[in-house]
Amino acid sequence: MSDSKPSRRGVLAGSLAAAAGAVAGCLDGSVTGGAADADGNDSVLVLTLDDAGEALRDAAVLDPAETDPRWDEAAFAAARDGESYTTQYRKPFPSATDDPTYAVHDGTYYRLDSVVVDEAETTRPVLRLFDTDEIDAADETDAADETDAADERMLTDSDRRAVEIAHFSARARGNPGGVPVGLVERGGYVYRDEDAIETSELLAADGPSRVEFRDTVYRVDVTRERFYEPVYRAVAESIAESPGRMEAILRAREVGARIDRDDLSADALQVIESARHGGYEESHPYSDAYADVLRAFHERPYLDGNVRKDAAWSESGSEKIRYDDRYYDYRLRFESADGDDAP
């Protein structure tokens with residue numbers, strides 16, 4: 001097993017017994033090189049499968065009784081009872097993705113959401129940092145010596161976070177690197193937590209005029225600015241009363257192809273096994289076994305018409321598949337025959 005590439009036609013031409021005896025992902029008979037496709041590109045189509053577990057609920061549903069959901073539990077309790085609960089600026093049930101947030105309480109599953117019900121005008125402190133060489137000439141006489149700069153390690157936790165985020169913006173000025181989206185706001189850091197505002201050293205009237213962060217001294221600039229922020233109402237909709245019903249809901253949302261072993265040949269099953277253990281690849285035109293797998297995955301754009309141009313419109317891997325009572329995330333991608341991503 002000197003070749004780490006998964007099998008292609010050489011293995012598929014062998015018997016089922018030989019395929020079963022080989023280790024997926026380290027099979028003999030790999031064809032060297034890739035045939036040129038319709039565009040003349042010497043490339044292969046690579047299929048990989050990543051195990052996503054036996055139950056979608058494990059990753060998709062939060063149980064506040066077992067795990068800290070990192071959102072206001074009072075919002076969840078009020079929304080379950082049909083009471084009005086609102087938050088300003090931040091959604092009551094934040095999520096790292098655009099997917100719905102699901103939670104379970106006492107055996108009932110809920111879909112959590114929020115709706116904008118108002119707008120609030122408010123004033124917020126904004127911290128901006130500037131390089132010391134950006135000080136205007138008019139300010140130089142009043143500027144504190146750099147040796148008096150506050151050490152960010154001695155600040156409160158909220159001030160340290162504010163300095164770190166404002167530093168991203170200061171570092172990006174005049175550079176093409178950009179700033180982290182969603183962190184930097186108005187060229188700095190906006191304080192919204194009342195406790196953080198009350199305890200802040202940087203916002204105090206006699207606060208430091210300079211701060212040192214990562215061996216760089218910055219001038220501190222604090223302004224108070226007007227903001228118009230959305231007001232959200234928490235919503236919790238009961239959608240399931242059993243784990244099985246919740247699983248069915250998630251399958252309907254997330255799972256595309258359902259693969260039945262009895263519907264595929266032994267060679268096609270070997271392709272899937274190889275994809276589960278490192279990946280499987282072939283050049284075009286594909287073997288009957290690989291073509292059967294692509295059809296089973298509902299990835300016909302990789303088979304019909306102009307393979308590379310049509311497949312570019314395919315949403316490969318946008319849905320999970322179900323195979324052998326487990327879920328898998330899959331990906332199809334073109335690579336050059338020498339292993340690099342194909343153009």
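Quantities reported herein were computed from a predicted structural model and do not represent experimental measurements.
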> Does the salt bridge (Lys or Arg N to Asp or Glu O under 4.0 Å) test come out yes or no for R111 and E237, once each step is laid out?
Replying inline: CA-CA 5 Å; R111 183 186 187 277; E237 180 184 2; 5.3 Å; no
> How many angstroms lie between atom CG of L155 and atom OG1 of T199, to the nearest 0.5 angstrom?
Replying inline: 11.0 Å
>> Would you say F227 ends up clustered with Y191 if hydrophobic residues are merged whenever their side chains have heavy atoms under 4.5 Å apart, either directly or through other cluster members?
In response: no
> How about L250 and K320: do any of their side-chain heavy atoms sit closer than 4.5 Å?
Replying inline: no
> Is there a salt bridge (Lys or Arg N to Asp or Glu O under 4.0 Å) between R219 and D131 once you walk through the steps?
Replying inline: CA-CA 6 Å; R219 177 170 63 92; D131 290 338; over 6 Å; no
> Is a side-chain donor-acceptor pair under 3.5 Å present for Y328 with R276?
Replying inline: yes
>> The test is salt bridge (Lys or Arg N to Asp or Glu O under 4.0 Å); show your working for D260 and R258 and say whether it passes.
In response: CA-CA 7 Å; D260 190 330; R258 323 292 170 96; over 6 Å; no
>> Could you report the tightest heavy-atom contact between T48 and G278, atom names first, then the distance?
In response: CG2-O, 4.0 Å
> Under 4.5 Å between any side-chain heavy atoms of E201 and T156, yes or no?
Replying inline: yes
>> Side chains of S287 and E282 only: does a donor on one sit below 3.5 Å from an acceptor on the other?
In response: yes
>> Measuring from atom CG of L47 to atom CG of L332, what distance do you get when rounded to the nearest 0.5 angstrom?
In response: 5.0 Å
>> With a 4.5 Å cut-off on side-chain heavy-atom distances among I, L, V, M, F, W and Y, is there a chain of contacts connecting V104 to L62?
In response: no
> Do you know which two heavy atoms are closest between Y323 and L269, and how far apart they sit?
Replying inline: OH-CD2, 3.8 Å
> Same hydrophobic cluster for Y102 and V115, using side-chain heavy-atom links shorter than 4.5 Å among ILVMFWY?
Replying inline: no
> Where does the angle between the aromatic ring planes of H167 and Y218 fall among parallel (under 30°), tilted (30 to 60°) and perpendicular (over 60°)?
Replying inline: perpendicular
> Yes or no on side-chain contact (heavy atoms from CB on, under 4.5 Å) for I239 and T108, after CA distance, side-chain angles and deciding distance?
Replying inline: CA-CA 8 Å; I239 58 173; T108 298; over 6 Å; no
>> With side-chain contact (heavy atoms from CB on, under 4.5 Å) as the criterion, how do E229 and E119 come out once you've worked through the C-alpha distance, each side chain's angles and the decisive distance to 0.1 Å?
In response: CA-CA 6 Å; E229 299 174 344; E119 177 187 68; over 6 Å; no
> Can you tell me how far the NE2 atom of H284 sits from the CG atom of L45, to the nearest 0.5 Å?
Replying inline: 9.5 Å
> Taking all atoms of both residues into account, what is the closest heavy-atom pair of A120 and V231, and its distance?
Replying inline: CB-CG2, 4.0 Å
>> If the threshold is 4.0 Å, N to carboxylate O, is there a salt bridge linking E273 and R261?
In response: yes
>> I'd like to check V220 versus V163 (side-chain heavy atoms, cut-off strictly below 4.5 Å). Are they in contact?
In response: no
>> Taking the side chain as everything from C-beta on, heavy atoms only, tell me whether I197 gets closer than 4.5 Å to L203.
In response: yes
>> Exactly one of R253, M246, E247 should register a side-chain contact (heavy atoms from CB on, under 4.5 Å) with L56. Which one does?
In response: E247
> Which distance, rounded to the nearest 0.5 Å, do you find between the CZ of F130 and the OG of S169?
Replying inline: 8.0 Å
>> Is it true that, when you exclude R233 itself, more than 12 heavy atoms of the residues, nucleotides or ligands shown sit nearer than 6.0 Å to its CZ?
In response: no
> Is atom CZ of R70 surrounded by more than 12 heavy atoms (other residues, nucleotides or ligands) closer than 6.0 Å?
Replying inline: no
>> Could you go through Y232 and Y89, starting from their C-alpha distance and side-chain angles, then the distance that decides it, and tell me whether this counts as ring pair (Phe, Tyr, Trp, His ring centres under 6.0 Å)?
In response: CA-CA 8 Å; Y232 296 96; Y89 177 70; 8.4 Å; no
>> Closer than 4.0 angstrom, basic N to acidic O: yes or no for R226 and E121?
In response: yes
>> Check for me, please, whether L129 and M154 land in the same ILVMFWY cluster - side-chain distances under 4.5 Å, paths through other members count.
In response: no
> Checking salt bridge (Lys or Arg N to Asp or Glu O under 4.0 Å) for the pair E185/R192: CA distance, chi angles, key distance, verdict?
Replying inline: CA-CA 12 Å; E185 187 177 359; R192 286 190 167 86; 3.0 Å; yes
>> Can you tell whether the side chains of D329 and R331 come within less than 4.0 Å, N to carboxylate O?
In response: no
> Counting only N and O atoms by type, is there a donor-acceptor contact under 3.5 Å from the side chain of D51 to the main-chain atoms of G53?
Replying inline: yes
> Looking at A240 and R245, what are the two nearest heavy atoms and their distance?
Replying inline: CB-CG, 3.7 Å
> If every non-hydrogen atom of A236 is compared with every non-hydrogen atom of L112, which pair is closest and at what distance?
Replying inline: CB-CD2, 3.7 Å
> Is a side-chain donor or acceptor of D63 paired with a backbone partner of A65 at a separation under 3.5 angstrom?
Replying inline: yes
> Does the ring of Y327 carry R322 above it, NZ/CZ under 6.0 angstrom from centre and within 45° of its axis?
Replying inline: yes
> Salt bridge or not for R333 and E335, using N-O below 4.0 Å?
Replying inline: yes
>> Working note: F76 + Y85, criterion ring pair (Phe, Tyr, Trp, His ring centres under 6.0 Å); need CA distance, chi angles, decisive distance, verdict.
In response: CA-CA 9 Å; F76 185 31; Y85 187 99; over 10 Å; no
> Given R128 and R186, is the side-chain contact (heavy atoms from CB on, under 4.5 Å) satisfied, shown in steps?
Replying inline: CA-CA 9 Å; R128 298 182 181 90; R186 296 197 183 184; 3.8 Å; yes
> Would you call E299 and V293 a side-chain contact if the rule is heavy atoms closer than 4.5 Å?
Replying inline: no
> Do L49 and I272 come close enough that some side-chain heavy atom pair is under 4.5 Å?
Replying inline: yes
>> Let me confirm one number: the OH-CZ distance from Y189 to R124, rounded to the nearest 0.5 Å.
In response: 10.5 Å
> Taking a hydrophobic cluster as the set of Ile, Leu, Val, Met, Phe, Trp and Tyr residues connected by side-chain heavy atoms closer than 4.5 Å, whether directly or through intermediates, do Y109 and V235 fall within one such cluster?
Replying inline: no
> D325 and E54: side-chain contact (heavy atoms from CB on, under 4.5 Å), yes or no, with the steps?
Replying inline: CA-CA 7 Å; D325 295 326; E54 295 182 347; over 6 Å; no
>> Can you confirm whether or not the ring centre of Y302 sits under 6.0 Å from the ring centre of Y286?
In response: no
> How close do G188 and I165 get, heavy atom to heavy atom, and via which atoms?
Replying inline: O-CG2, 4.1 Å
> Hey, does L127 have a side-chain heavy atom less than 4.5 Å from the side chain of L202?
Replying inline: yes
>> Within the 4.5 Å heavy-atom criterion, are R300 and R295 side-chain neighbours or not?
In response: yes
>> So that I know where these two stand, are Y330 and F297 an aromatic pair - ring centroids less than 6.0 Å apart?
In response: yes
>> Within this structure, what is the CD1-CG distance for the pair I259 and D324, rounded to the nearest 0.5 Å?
In response: 10.5 Å
